[in-house]
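Read the structure below first, then the notes.
Remember, it's 1-based here, ligands and their atoms both numbered in the order they're listed. Sequential numbering from 1 along the given sequence is applied to the chain's residues. What's counted below: heavy atoms across the whole structure, side chains too, no hydrogens, waters or symmetry copies.
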Amino acid sequence: MLSMPHLNETAVISDIDPFSREFLADPYPYHEQLRDLGPVVRLARYDVWATARYEQVSAILNDWQNFGSGGGVGLANFHTEGNWRPPSLLLETDPPTHTRARTVMNRVLLPKNLRDLRDGFYRDAVRMVDRALELGTFDAVAELSQPYPLKVFPDAVGIAADERETLLPYGNMVFNTMGPKNDLYQAALAPVDKVLPWVMQRCARGALRPGSLGAEVYKHADSGDITEAEAALLVRSFLSAGIDTTVHALGNALLCFAENPGEWQKLRQDPSKVRQAFDEVMRFEPAFQCYFRTTTRETEFSGTAIGSQEKIYISIAAANRDPRRWEAPERFDISRKTAGHVGFGTGIHGCVGQMIARMEIEALLTAMLERVAAIELAGKPERLMHNTLRAVSKLPVRMTRLH
Ligand code: 4MI
């Protein structure tokens, strides 16, 4: 099979650049082009493969044997070039190493360990929503979507309260450097010498509050499941994966409701649908839009022969709006069946933190549902320019208090 050169005659070569300004400013028309070009496409700009259809995206994410993560999940191949941080033990590994790390994280994030966090999340949500409502008109990014996760999540992980804003340039670094070495990459990486040592200090055993999720990770070092250094890396995974994702998911949720006021009214009529509504946000506008896998060996995929150690760009956002899979995919509809969306990924690397992320977002939206009659845009939202995240950097809204 692999020696049959005719297989590649079907692979379309495209000059679409998924990291260009035009693409990042409005990716959806490009997603459609990528999907329509074929099940798998060659991106001439980067000499990598790409897929944007739901069927292929989910197939790749469920095939870690052929499409590995050990080469990193960005454009750079860790097997042939270095990276600015030691690889994540969770995100950037394959079985059996991944399995060991994932098993620890699965245990730490067990529902019984998260249950006690719910009340605190809700109290902080109420406090922040009440404060925002006193302003009436405000920037929802500055008042809600940034400060809320930045308070409740590091509290749960167990790090000290000071200098937490450092987690924002760190997250920016983690996610922007998954793209090519463009200006966004370079700007994000600029503060690395200050930010990375700060993060690693906060991951040390002694820096974590007893009883916290971070401290739970170190219990697995005590029992010998992982080494002390591996425990520090797994705490780092919390701080890498847990801020930008939730900040921008919340921003996207508020944007979706501000732009679709009927959907907010629908949710107000039945607040028990809040989880379902958030899944629709994750389908419609996933914050983490795209990432890569690296082929571990020569493989045949959707009629195309792919060599070993090749990068493939995976568009989560395009898969979530593939009309081959979804009815009226461009419609934000909290009543639709969202099961199967890949906003949290799928397969062995599917988001391990999604329960805690959901608890955060649901607590904030629930506090709002109890207090906010209507959300409307009070100005033009500003888009974040980012290699892999889709988000707003400014979201002027007016919220009307319920009487
Ligand atoms: C979902 S994004 C993400 C997951 C894990 C890590 C970073 C980002 C990490 O560093 O482990």
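The six-membered or imidazole ring of Tyr46 lies away from that of Tyr313, with a centre-to-centre distance of 6.0 Å or more.
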Report task. May I have the step-by-step check of ring-ring contact (aromatic ring centres under 6.0 Å, His included) for His341 and Tyr54, ending in yes or no? Result -> CA-CA 9 Å; His341 79 74; Tyr54 180 86; 9.7 Å; no
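You'll find the side chain of Ile356 reaches within 4.5 Å of the side chain of Leu213, heavy atoms only. Between Asp333 and Glu280 there is a side-chain heavy-atom pair separated by less than 4.5 Å.
Between Asp279 and Arg336 there is no salt bridge, since no side-chain nitrogen of the basic residue lies less than 4.0 Å from a carboxylate oxygen of the acidic one.
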Just the distances, no angles: every ligand 1 N or O to protein N or O pair closer than 3.5 Å, one line each.
{"unit_1": "ligand 1", "atom_1": "10 (O)", "unit_2": "Arg85", "atom_2": "NH1", "d": "3.1"}
{"unit_1": "ligand 1", "atom_1": "10 (O)", "unit_2": "Arg85", "atom_2": "NH2", "d": "2.9"}
{"unit_1": "ligand 1", "atom_1": "10 (O)", "unit_2": "Ser240", "atom_2": "OG", "d": "3.4"}
{"unit_1": "ligand 1", "atom_1": "11 (O)", "unit_2": "Ser88", "atom_2": "OG", "d": "2.6"}
{"unit_1": "ligand 1", "atom_1": "11 (O)", "unit_2": "Ser237", "atom_2": "OG", "d": "2.6"}

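A cation-pi arrangement is absent between Arg293 and Phe67 under the rule of less than 6.0 angstrom and at most 45 degrees off the ring axis.
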